[in-house]
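These numbers come from a predicted model, not from an experiment. Ligands are counted one by one from 1 in listed order, and the atoms in each one are counted from 1 as well.
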Amino acid sequence: MDEIFLLSNRKRLTLKRGKERVVTNRHPWIFAGAIGAEGGPAEAAIGDLFDVNGVRLASGFYSPRSEIRLRALTFGQDELTAELIAQRIDSAIARRRRLLGPNTNAIRMINADGDDLSGLVIDLYNDVVVAEIANAGIERLKPMILDTIRRALNPRLIYLSNDMPARRLEQLATEPEAIGEGTPATTILENGLRFEVDPASGQKTGFFLDQRENRTLAQSLAPGRRMLNLFSYTGAFGVYAAAGGATFVENVDGSDLAINQAKRNHDLNGSSTIARFTVADAFAHVRHQAASGERFGLIVCDPPAFAKRRVEVDRAARGYKDINLYAMRLLERDGFLLTFSCSGHLSLDLFQKIIFAAALDAGRRISFVRRLTAGADHPVSIYCPEGEYLKGFLLEVRE
Ligand code: SAH
């Protein structure tokens, strides 16, 4: 089936009476519960949503099996065409050009709803493109989408890990796919520092691009300080701290694969002699360090999402409080803590309350210096605030 067929053979969806607010707010996720009648082929890539009077309200990627039945790309009379999708891809990439340069060749090129391309994530790692396709409609348009990306970025290889849980629900293929030459492993340059990234074995799409600006901040705070990098993954914050003049860096992660990679990344940047590499459970490790009197002038705490689902928020809150309480105890006088939550279900407000409770129990005089969020290559649609998952604080002990 070619794209012309897929784009012309569209699904016709009718919005239930009384659900008009769904479209007036321009939220791109149109849930199955708001849709009444569905006509047209189940394998359609694109759906058009009409009101009961037959007036078109929105058009977008269609998913027959997802609760998010339609991911709206256009509203009202705006026409959704193949050209428009290609144009959005091209303009998202053009917006990123100013962030790239001789010192940085890894960037999120397309951030789903944040670039008006709901369900599509494209990361560039030097000569490799990693694509994440989260729904059936986009999957059907894959050849056209990948062609557009190939034309704009000319990568050596396009890699699709196809491992997002949503793909299973939508009954899409879950085997990884590599289109191009060689293996997906590559070495990236970020702000002049080098990191090995392996999208096939790594977490996320291989590297935590969203933390780039916060890593620069850590680098600027590092001179003369001992640094602790909790949940270090492949050591990115640690490498930046060392480059910024930290006297010592300890990377702590539960995965030996991640820690081995952290060691190689410090090697690549000439800083492994001042670094320690610890495979450990961070919760146990901070207790051990607190007891043994080890202290740090700069701590980064960047755990995985403890709340992957809404029902896990309470338990996650206890986890965040525990690790932050110990991190605060480990800080030297005038020390800095960069602490993060990437749980989309945990609000900024709740995260701030957790940090407050941890500071109280730690008995330290701590102030908020700055709020932290994802970098500029992770824009969030104002109509889809769910896209803003990463939140953090720069805290300072004032004693
Ligand atoms: N800060 C990193 C990203 C962290 S991702 C960066 O900028 O690249 C979260 C990491 O936490 C993963 O590498 C995972 O292996 C690790 N992890 C998860 N649970 C852990 C635990 N209980 N103790 C230590 N590490 C853990």
Quick one: which ligand 1 atoms are inside 4.0 Å of a heavy atom on [X]?
{"X": "Ala282", "answer": "21 (C), 23 (N), 24 (C)"}
{"X": "Asp281", "answer": "21 (C), 22 (N), 23 (N)"}
{"X": "Ser255", "answer": "15 (O)"}
{"X": "Ala280", "answer": "23 (N), 24 (C)"}
{"X": "Tyr233", "answer": "2 (C), 3 (C), 4 (C), 8 (O), 13 (O)"}

Using side-chain heavy atoms (C-beta onward) and a distance below 4.5 Å, is [X] in contact with [Y]?
{"X": "Tyr62", "Y": "Arg69", "result": "yes"}
{"X": "Arg88", "Y": "Leu73", "result": "yes"}
{"X": "Tyr320", "Y": "Leu346", "result": "yes"}
{"X": "Glu250", "Y": "Leu230", "result": "no"}
{"X": "Arg212", "Y": "Asp377", "result": "yes"}

Do me a favour and list the nearest non-hydrogen protein atom to [atom] with residue, atom name and distance?
{"atom": "atom 12 (C) of ligand 1", "answer": "Gln203 NE2, 3.2 Å"}
{"atom": "atom 19 (N) of ligand 1", "answer": "Pro304 CG, 4.0 Å"}
{"atom": "atom 5 (S) of ligand 1", "answer": "Phe208 CZ, 3.4 Å"}

Return yes if some donor-acceptor pair links the side-chain N/O of Asp115 with the main-chain N/O of Leu117 below 3.5 Å, else return no.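 Not confirmed, Asp115 side chain does not pair with Leu117 backbone.
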Do you know which of Gln211, Glu190, Gln219 makes side chain to side chain donor-acceptor pair (under 3.5 Å) with Tyr240?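 Single pass found, and it is Glu190.
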salt_bridge(Asp48, Arg12) N-O dist < 4.0 Å: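 Between Arg12 and Asp48 there is no salt bridge, as every charged N stays at least 4.0 Å from the carboxylate O atoms.
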Can Arg167 and Asp163 be counted as an ion pair, charged N to O under 4.0 angstrom?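 No salt bridge links Arg167 with Asp163.
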Nearest non-hydrogen contact with [atom] belongs to which option: [options]?
{"atom": "atom 10 (C) of ligand 1", "options": "Val300, Asp253, Asp210", "answer": "Asp253"}
{"atom": "atom 4 (C) of ligand 1", "options": "Phe237, Phe231, Phe306, Phe207", "answer": "Phe231"}
{"atom": "atom 3 (C) of ligand 1", "options": "Val252, Asp302, Val286", "answer": "Asp302"}

Regarding ligand 1, does Gly254 bring an N or O atom to under 3.5 Å of one of the ligand's N or O atoms?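 Such a contact does occur with ligand 1.
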Thr234-ligand 1 polar pair, N/O distance under 3.5 Å: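 For ligand 1, there is no N or O atom that lies under 3.5 Å from one belonging to Thr234.
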Please confirm whether Arg71 makes a cation-pi placement over Phe61, using NZ or CZ under 6.0 Å from the six-membered ring centre and within 45° of the ring normal.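 No, a cation-pi geometry is absent between Arg71 and Phe61.
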Does Gly235 come within less than 4.0 angstrom of ligand 1, counting non-hydrogen atoms of the residue?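 For ligand 1, residue contact (heavy atoms, under 4.0 Å) with Gly235 is absent.
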Is the closest heavy atom of Arg215 to ligand 1 under 4.0 Å?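 It does; at least one heavy atom falls under 4.0 Å.
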